[in-house]
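What follows is a single structure, written as structure tokens, with notes after it.
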Amino acid sequence: MQSFLRFLKTYTLPIAMLLGIIGYRYFRLLAPVTHYLIVLMLYFTFCKVDIKDMRWQPWHGWLLLLQLTLSIGLFYILRPLDTVLAQGIMICILMPTATAAAVVTGKLGGNVAALTTYTLLSNLVVAILVPVFFPIVEPGNHISFLEGFLTILSRVFPLLIGPFLLAWFTRFVYHKLKHRQLVLPKALSAAPFYVWAFSLVILMADTTYSLLNDDYDRHAALWLIIGSLITCLLQFFLGKAIGKHYHMRISAGQALGQKNTILGIWMAHTYLQPVAALGAAGYIVWQNLFNSYQLWKQRKKDRL
């Protein structure tokens, strides 16, 4: 029994992905509860973050600069070859940091406060850039800058700011009553990761359903899936390389590599050619496989 539980703990993310794929017809029906799961997950994660530790750091600027220049640069390089591929690759890089990145960063021993700061920054920058740049990339949509900006903010910031403020209030009240730092019980400390794993089951179910039922060019899909793999590995590598110089290798790697793919899919459907969303859909698989590998290595290291 112990060995079975250890197996489940070690391979939680791959198991969650497999469950979502196999039972996609049923798990996709739970999609409406995903937002609530993310709020719960982030609340427990942010309870461990001291707001005093959230500050601008030089690597934040380097990652933002890299994210913007690489996404736009690759788009213009690839566009003469294939417009859809260029848009899909751009989306894979320009997508802001995922809200769940804080959970994985904590499990890997990274700095959650620094990662949370970058998550807020990257989502704000994308909310400003996308309504300005994407209509140039794909003329014809009729969404104004203000409408696009507010729509992106409404999709991201309630999930970040809501649980953050609630966690800050919890820490504040606890400190006033107990006169010491809030320390979550061991069971609650592990809760965010398993809430994220259940969210991943639903996300993979929804992605699988879309891949099987949407009408798209199979040739374009293949290149987008391959492209999403390359961009995923590249961003984790570059993030870790930059973070290493600031002793933030884990946090910077997750900041640049772990993406808000749901927002990316929405951006592609709203502003670009819808088939470009397959790049973000493929990225869901690759980033979670890579996270599974990192967590496996971390657990192996902890046992030594």
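Side-chain atoms of Thr34 come within 3.5 Å of backbone atoms of Ala31 as a donor-acceptor pair (strictly under, hydrogens ignored). Remark: side-chain polar atoms of Asn291 are paired, donor with acceptor, to backbone N or O of Gln287 under 3.5 angstrom.
In terms of hydrophobic clustering, with Ile, Leu, Val, Met, Phe, Trp and Tyr side chains grouped at heavy-atom distances under 4.5 Å, Ile22 and Leu29 are assigned to different clusters. Leu115 and Leu66 are not part of a single hydrophobic cluster, where members link through side-chain heavy atoms under 4.5 Å apart. Under a hydrophobic clustering in which Ile, Leu, Val, Met, Phe, Trp and Tyr are joined whenever their side-chain heavy atoms come within less than 4.5 Å, directly or via other members, Tyr209 and Tyr26 fall into different clusters. Cluster annotation: Leu64 is connected to Phe237 through the hydrophobic network of ILVMFWY side chains, with a link wherever side-chain heavy atoms come within less than 4.5 Å.
Every pair passing ring-ring contact (aromatic ring centres under 6.0 Å, His included) that includes a residue from residues 78-128 is listed here, sequence neighbours excluded: His60-Tyr118. Applying the ring-ring contact (aromatic ring centres under 6.0 Å, His included) test to every pair with at least one member in residues 64-113, sequence neighbours left out, gives no pairs at all.
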Which donor-acceptor pairs under 3.5 Å do the side chains of residues 241-252 make with protein atoms, sequence neighbours left out?
| unit_1 | atom_1 | unit_2 | atom_2 | d |
| --- | --- | --- | --- | --- |
| Tyr246 | OH | Trp62 | NE1 | 3.1 |
| Ser251 | OG | Asn111 | N | 2.8 |
| Ser251 | OG | Asn111 | O | 3.1 |

I'd like a table of donor-acceptor pairs (distance under 3.5 Å, sequence neighbours excluded) in which one partner is a side-chain atom from residues 128-137, with atom names and distances.
none

Show which side-chain atoms of residues 227-234 pair as donor or acceptor with protein atoms under 3.5 Å away, not counting sequence neighbours.
| unit_1 | atom_1 | unit_2 | atom_2 | d |
| --- | --- | --- | --- | --- |
| Ser228 | OG | Leu224 | O | 3.3 |
| Ser228 | OG | Ile225 | O | 2.7 |
| Ser228 | OG | Trp286 | NE1 | 3.0 |
| Thr231 | OG1 | Gly227 | O | 3.0 |
| Thr231 | OG1 | Ser228 | O | 3.0 |

Listing, residues 89-105 side-chain donor-acceptor contacts under 3.5 Å, not counting sequence neighbours, or none:
| unit_1 | atom_1 | unit_2 | atom_2 | d |
| --- | --- | --- | --- | --- |
| Thr97 | OG1 | Ser122 | OG | 3.3 |
| Thr97 | OG1 | Ala255 | O | 2.7 |
| Thr105 | OG1 | Ala101 | O | 2.7 |

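Put simply, CG on Leu238 and CD on Gln67 are 11.5 Å apart, with the number rounded to the nearest 0.5 Å. To the nearest 0.5 Å, atoms CH2 (Trp56) and CG (Leu121) are separated by 6.0 Å. To the nearest 0.5 Å, atom CG of residue Leu70 and atom CG of residue Leu256 are 8.0 Å apart. Atoms CG and CG, on Asn123 and Leu263 in that order, are 7.0 Å from each other to the nearest 0.5 Å.
Listed by chain and residue number, nothing satisfies the side-chain contact (heavy atoms from CB on, under 4.5 Å) test with Arg25 (two or more places apart in sequence, or in another chain). The side chain to side chain donor-acceptor pair (under 3.5 Å) check on Gln57 picks up Trp59, with sequence neighbours excluded. Under the ring pair (Phe, Tyr, Trp, His ring centres under 6.0 Å) criterion, Phe290 pairs with Phe236, not counting sequence neighbours. Residues satisfying the side chain to side chain donor-acceptor pair (under 3.5 Å) criterion with Tyr43, sequence neighbours excluded, are Thr170. By the side chain to side chain donor-acceptor pair (under 3.5 Å) test, Gln235 pairs with Lys259, Tyr283, sequence neighbours left out.
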From CA spacing to verdict: side-chain contact (heavy atoms from CB on, under 4.5 Å), Ile15, Leu19 | CA-CA 6 Å; Ile15 292 171; Leu19 277 175; 4.3 Å; yes
Using the side-chain contact (heavy atoms from CB on, under 4.5 Å) rule, take Val275 and Gln87 through it: C-alpha gap first, then chi angles, then the decisive distance, then the call.
-> CA-CA 9 Å; Val275 69; Gln87 291 182 0; over 6 Å; no
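Cluster note: Tyr36 groups with no other residue, as no ILVMFWY side-chain heavy atom lies under 4.5 Å from it.
Residues Arg299 and Gln294 are not in side-chain contact: their nearest non-hydrogen atoms beyond the backbone lie 4.5 Å or more apart. Considering only heavy atoms from C-beta on, Thr117 stays 4.5 Å or farther from Arg55 through its side chain. Lys107 places a side-chain heavy atom less than 4.5 Å from the side chain of Leu295. In this structure, the side chains of Leu203 and Met17 stay at 4.5 Å or more apart for every pair of heavy atoms. Side-chain contact check for Leu30 versus Leu37: every heavy-atom pair is 4.5 Å or farther apart. Side-chain atoms of Arg28 and Thr208, non-hydrogen and from C-beta on, never get closer than 4.5 Å to each other. At least one side-chain heavy atom of Ile202 sits less than 4.5 Å from a side-chain heavy atom of Val33.
Here the closest non-hydrogen pair linking Ala221 and Leu278 is CB-CD1, 3.6 Å. Of all the heavy atoms in Gln298 and Leu108, the pair that sits closest is OE1-O, 3.6 Å. Closest approach of Pro14 and Ser292 over heavy atoms only: CD-OG, 3.2 Å.
Paired with Met267 under the rule side chain to side chain contact (heavy atoms under 4.5 Å, CB included), one option of Val126, Asn260, Leu272 passes, and it is Val126.
Side chains of Asn288 and Gln258: a donor-acceptor N/O pair is absent below 3.5 angstrom, by distance only.
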